[in-house]
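For clarity, every value in this text was computed on a predicted model and none was experimentally measured.
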Amino acid sequence: MKKAHINLFYETLAKGNPEPKSELQYTNVYTLLVAVVLSAQATDKGVNKATEALFKIVETPNQMVELGEAKLKDYIKTIGLFNTKAKNVIKLSQMLVHEHGGEVPNDQAALEKLPGVGRKTANVVRNIYFQVPTIAVDTHIFRVGNRTGLAPGKNPLEVEKKLLKVTPKEWKLHAHHWLILHGRYICKARKPECTACPVIDYCAYKAKTL
DNA sequence: ATCCCGAGGG
DNA sequence: CCCTCTGGAT
């Protein structure tokens, strides 16, 4: 995508949503981390539905450890991959208690050592809570980056590097949310709504659909 | 490359 | 029925 168009692309998305925020529900940085871990290959709606009850009784790593894996599963069994996620959340909470004083570290490497936390999840937490201009590449952003021509790449890491390179400084902090919301509601996987798309003038995909 | 894995949409 | 959803670990 041309430089001038990249600016217009972000400017347009920003105008449509000046203060973008996560649609995941959370009460603090710990519950944010748990919510993001649970959101892997699941919709935020489904995660919110499960965590609404869970976060009323669990807001700290200690409380999660006390709850235990079996009861945690009862809360999240409506979410895909719940078995693995329950194990990871308990282990991750134990590690936070024993190795980080019960706090969530603002450190990419330390976060990625936690079970169930990879590059994407760590990037999301650092962006949302610690205001670091990371761009976490999930399924939506991977698709939008490739389809629009904004940041093509064979894998998420390639797309992330390209996004960090082409995204102007002023848009970096919120780029993650603008791109994800665009992918979720307009540039959808199955049936992209190009006729309702505000940035179609800058998109490489329109040539194939119109 | 493969497994994990429920809900919702088309 | 098939596809997709803010992936990560092996």
Trainee: For the CD atom on A:E103, are there more than 12 heavy atoms of other groups (residues, nucleotides or ligands in this structure) within a distance under 6.0 Å?
Mentor: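 Open.
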
Trainee: Are A:I180 and A:L32 connected in the hydrophobic side-chain network, where two residues link if heavy atoms are under 4.5 Å apart?
Mentor: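 No; tracing contacts between hydrophobic side chains, which count when under 4.5 Å, never links both residues.
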
Trainee: Assess the residue pair A:Y30 and A:S93 against the criterion (side chain to side chain donor-acceptor pair (under 3.5 Å)); give the C-alpha distance rounded to whole Å, side-chain angles, the decisive distance to 0.1 Å, and a yes or no.
Mentor: CA-CA 9 Å; A:Y30 170 68; A:S93 300; 2.7 Å; yes

Trainee: Name every residue in residues 43-53 of chain A that has at least one heavy atom under 4.0 Å from any atom of DNA chain C, in order of residue number, or write none if there are no such residues.
Mentor: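 Output list: A:T43, A:D44.
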
Trainee: Heavy atom of residues 138-169 of chain A under 4.0 Å from DNA chain C: which residues?
Mentor: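 DNA chain C contact set from residues 138-169 of chain A: A:D138, A:T139, A:H140, A:R143.
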
Trainee: Given the rule in the side chain to side chain donor-acceptor pair (under 3.5 Å) test, do A:E59 and A:Q63 qualify, once you have shown the distances and angles that lead to the verdict?
Mentor: CA-CA 7 Å; A:E59 288 194 300; A:Q63 292 167 346; over 6 Å; no

Trainee: Could you check if a side-chain atom of A:L179 sits within less than 4.5 angstrom of a side-chain atom of A:H140, using non-hydrogen atoms only?
Mentor: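 A side-chain contact is absent here, since even the closest heavy-atom pair is not under 4.5 Å.
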
Trainee: Listed by chain and number, what are the ring-ring contact (aromatic ring centres under 6.0 Å, His included) partners of A:H5, not counting sequence neighbours?
Mentor: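 A:H5: ring-ring contact (aromatic ring centres under 6.0 Å, His included) contacts with A:Y202.
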
Trainee: Touch check for A:L181, heavy atoms < 4.0 angstrom, all strands: base, sugar-phosphate only, or nothing?
Mentor: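 A:L181: no heavy atom of the nucleic acid under 4.0 Å.
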
Trainee: Base, sugar-phosphate or nothing for A:S22? Non-hydrogen atoms, less than 4.0 Å.
Mentor: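 The answer is base, as A:S22 lies within the cut-off (heavy atoms under 4.0 Å) of a base atom.
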
Trainee: OH of A:Y185 versus P of B:dG9: gap in Å, rounded?
Mentor: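 Going from A:Y185 (OH) to B:dG9 (P), I get 12 Å.
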
Trainee: Could you measure between the two P atoms, the one in C:dT6 and the one in B:dG10, and give it in whole Å?
Mentor: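 Comparing P positions in C:dT6 and B:dG10 gives a spacing of 14 Å.
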
Trainee: Which residues in residues 77-100 of chain A have a heavy atom closer than 4.0 Å to any atom of DNA chain C?
Mentor: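 Residues of residues 77-100 of chain A that come under 4.0 Å of DNA chain C are, in numerical order, A:L81.
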
Trainee: Go through A:V124 and A:T134 one step at a time and tell me if the side-chain contact (heavy atoms from CB on, under 4.5 Å) criterion holds.
Mentor: CA-CA 7 Å; A:V124 171; A:T134 60; over 6 Å; no

Trainee: Please tell me which of A:K21 and A:K113 maps to the more 5' nucleotide of DNA chain C, matching each residue to the nucleotide holding its nearest heavy atom.
Mentor: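 So the residue in question is A:K21.
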
Trainee: Nearest-nucleotide wise, let me know which of A:A189 and A:A40 is further upstream toward the 5' end of DNA chain C.
Mentor: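 Upstream on the strand: A:A189.
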
Trainee: Distance under 4.0 Å to a non-hydrogen atom of chain A counts as contact; along DNA chain C, which nucleotides mark the start and end?
Mentor: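 Endpoints of the contacted stretch of DNA chain C: C:dC2 to C:dA9.
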
Trainee: Report whether A:V166 and A:L173 are members of the same hydrophobic cluster (ILVMFWY, side-chain heavy atoms less than 4.5 Å apart, transitive linking).
Mentor: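 In one cluster with A:V166: A:L173, no.
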
Trainee: Between A:T167 and A:Y10, does a side chain to side chain donor-acceptor pair (under 3.5 Å) hold up when you go through it step by step?
Mentor: CA-CA 8 Å; A:T167 303; A:Y10 279 115; 2.8 Å; yes

Trainee: Can you list every stem that DNA chain C is part of, counting only runs of 3 or more consecutive Watson-Crick or G-U wobble pairs with both distances under 3.5 Å?
Mentor: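 The stems are B:1-4 with C:7-10, B:6-10 with C:1-5.
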
Trainee: At 4.0 Å (heavy atoms only), tell me whether A:V117 reaches a base, stays on the sugar-phosphate, or touches nothing.
Mentor: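 Since only primed, P, OP1 and OP2 atoms lie under 4.0 Å of A:V117, the category is sugar-phosphate.
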
Trainee: Take atom P in B:dA7 and the same atom in C:dG8, then report the distance between them in whole Å.
Mentor: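 My reading of the P atoms in B:dA7 and C:dG8 gives 23 Å.
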
Trainee: Kindly indicate, with the supporting measurements, whether the criterion side-chain contact (heavy atoms from CB on, under 4.5 Å) is fulfilled by A:K45 and A:E23.
Mentor: CA-CA 8 Å; A:K45 272 188 189 173; A:E23 295 187 341; over 6 Å; no

Trainee: Would you call A:V117 and A:N88 a side-chain contact if the rule is heavy atoms closer than 4.5 Å?
Mentor: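 Side chain of A:V117 against side chain of A:N88, heavy atoms only: no contact under 4.5 Å found.
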
